[in-house]
Amino acid sequence: MRIKATVLGILGLSSLLSSCMIFHSNVQTHEPYYTPSPKVKKVEKAIETPTIFEQNYKFKTDQNYIRSVTRIYYGQKTQMQTELGKYNIRKSFNVEQYRKFNKASFFPSNEYTIPNEIKPKAIALYKPLLDSMFAISNQTGKSHLEILVLGYTDEESIPYSNPIYNELLTKNKKESFVDLEYYNALSYERAKIVADLLSEMIKNELQKTKSPRSISFDLLIEGRGIEYPESKRIYELEDDKRKITKVYWKLN
C-alpha cells in the first residue's frame, strides 16, 4: 500500500509538472495582445518676433485740404490689421480734443524744408514730445497714439517765377494751381517735413524697445492753407506767425 501511494504521488507530481511546462510553453509562443502607440513629439508653436511696419496713405479731405497718414506699428504682423482697423484715418477731428505741443516749427517765406544744419535743433525740439508720449503710454498701458501735424501759411503773393512753384506743381502732378491750391500745397509740405522727422524719431525709439506688447502711431498730416493757426488770434495777411507747423497728440 505504501508503495502504491508513493507511485501515485510520483505520477501526480509528474502530471502537475507536465501541465506547468505546457502552460509555460503556451505563454512564450503567444503574440502581445496590443501594439504600443509610437510617441508623438510635441511641436512648439514659434513665437513671432515683434517688428516695425509702416503704411502710408494720401487723399483730399472734404474741405479740399491735402492729408496723408503715416501708420507705424510695432508688434506681431499677424495682429497688425486687427489693431489698426479700429482707427479711422479719414475722420474729421477737433484739435480741442488733443494735447497741444507748446512749440511750433517756423519757416521762411515760400519754404518748406528743414536744412541739414538745422535738423539737430529740430530733433532736440521734438524729443521731449516723444519722450512724454512713450512714458505715458508705458504708464497707462494704452497702445495707440494719434499725432496731428498741421501746416499753415500766410497770404503772401504766389511766387510764380520761384522754383518752389514748379516743385509743388510736380509734387502734386499739376500744370497750374487754381484758387487756394498753392497755399494748401505749401502748407501741406511744411507739415509733411515735420511729420517725416517725427516718424524717423519714432522708429529709432521703437528699435530700442524690448517690450512684448504692441504699440502703434497714426501721424495725420494735413495742410491747412491760409487758415489761422489760432482761431482766436489776430494775424496780418502777411505774417511770419502763420508760416508754421503745429503738433497735437493723444492716446487712444
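From a predicted model like this one, the values you see are computed outputs, not experimental measurements. Position 1 is the first residue of the sequence; numbering continues from there.
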Within a 6.0 Å radius of atom [atom1] on [X], are there more than 12 heavy atoms belonging to other residues, nucleotides or ligands?
X    : atom1 : value
E117 : CD    : yes
N88  : CG    : yes
K121 : NZ    : no
K119 : NZ    : no
K241 : NZ    : no
R90  : CZ    : no

What heavy-atom pair brings [X] and [Y] nearest, and what distance separates the two atoms?
X    : Y    : result
K103 : L125 : CD-CD1, 3.2 Å
I72  : S199 : CD1-OG, 3.4 Å
Y235 : E230 : OH-N, 3.2 Å
S214 : Y73  : CB-OH, 3.7 Å
A191 : G151 : CB-N, 3.5 Å
K246 : A104 : CG-CB, 4.3 Å

Going by heavy atoms in the side chains, are [X] and [Y] under 4.5 Å from each other?
X    : Y    : value
T170 : E167 : no
I89  : R71  : yes
L84  : Q55  : yes
I66  : N172 : yes
I226 : L237 : no
E146 : K91  : yes
Y98  : L148 : yes
I202 : L145 : no

Should [X] and [Y] be counted in the same cluster of Ile, Leu, Val, Met, Phe, Trp and Tyr side chains packed under 4.5 Å apart?
X    : Y    : result
L219 : V69  : no
L169 : I193 : no
I215 : W249 : yes
Y183 : I164 : yes
F59  : Y87  : no

Parallel, tilted or perpendicular: ring planes of F101 versus Y126, cut at 30 and 60 degrees: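 Rings of F101 and Y126: tilted, 30 to 60°.
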Would you find a donor on one side and an acceptor on the other, under 3.5 Å apart, between the side chain of [X] and the backbone of [Y]?
X    : Y    : result
T51  : T49  : yes
S137 : M133 : no
Y165 : S176 : no
Q79  : Q76  : no

Euclidean distance, [Y] [atom2] relative to [X] [atom1], rounded to 0.5 Å:
X    : Y    : atom1 : atom2 : result
I234 : K232 : CD1   : NZ    : 13.5 Å
R99  : I136 : CZ    : CD1   : 4.0 Å
I244 : Y152 : CD1   : OH    : 7.0 Å
T61  : L220 : OG1   : CG    : 11.0 Å
Q139 : L251 : CD    : CG    : 10.0 Å
Y74  : T209 : OH    : OG1   : 5.0 Å

Quick test of your reading of the model: are E200 and K203 salt-bridged, counting only N-O distances below 4.0 Å?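 No, E200 and K203 are not salt-bridged.
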Any salt bridge between E155 and R242, counting N to O under 4.0 Å?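 The answer is yes: the pair qualifies as a salt bridge.
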Checking S187 against Y65 for the side chain to side chain donor-acceptor pair (under 3.5 Å) test, could you report, in this order, the C-alpha distance in whole Å, the side-chain angles of both residues, the deciding distance, and whether it holds? CA-CA 10 Å; S187 64; Y65 291 139; over 6 Å; no
Report the C-alpha separation of Y188 and K171 in whole Å, then their side-chain angles, then the decisive distance to 0.1 Å, and conclude whether the side chain to side chain contact (heavy atoms under 4.5 Å, CB included) test is met. CA-CA 11 Å; Y188 166 77; K171 282 179 175 290; over 6 Å; no
Show your working on side chain to side chain contact (heavy atoms under 4.5 Å, CB included) between R233 and Y228 and close with a plain yes or no. CA-CA 8 Å; R233 186 169 180 170; Y228 286 177; over 6 Å; no
Check whether the side chains of [X] and [Y] place a donor and an acceptor atom closer than 3.5 Å, and report yes or no.
X    : Y    : answer
T153 : Y112 : no
N110 : Y182 : yes
R190 : S105 : no

Audit row: I52, Q207, side chain to side chain contact (heavy atoms under 4.5 Å, CB included) steps and yes/no: CA-CA 8 Å; I52 300 172; Q207 287 173 352; 3.6 Å; yes
Taking the six-membered ring of F107 (Phe, Tyr or Trp), confirm whether the NZ or CZ of K243 is under 6.0 Å from its centre and within 45° of its axis.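 Judged by the rule (NZ or CZ under 6.0 Å from the ring centre, within 45° of its axis), K243 is not positioned above F107.
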Audit row: S216, E83, side chain to side chain contact (heavy atoms under 4.5 Å, CB included) steps and yes/no: CA-CA 8 Å; S216 57; E83 289 299 314; 5.6 Å; no
Report yes if the distance between the aromatic ring centroids of F217 and F134 is under 6.0 Å, otherwise no.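 F217 vs F134: aromatic centres under 6.0 Å.
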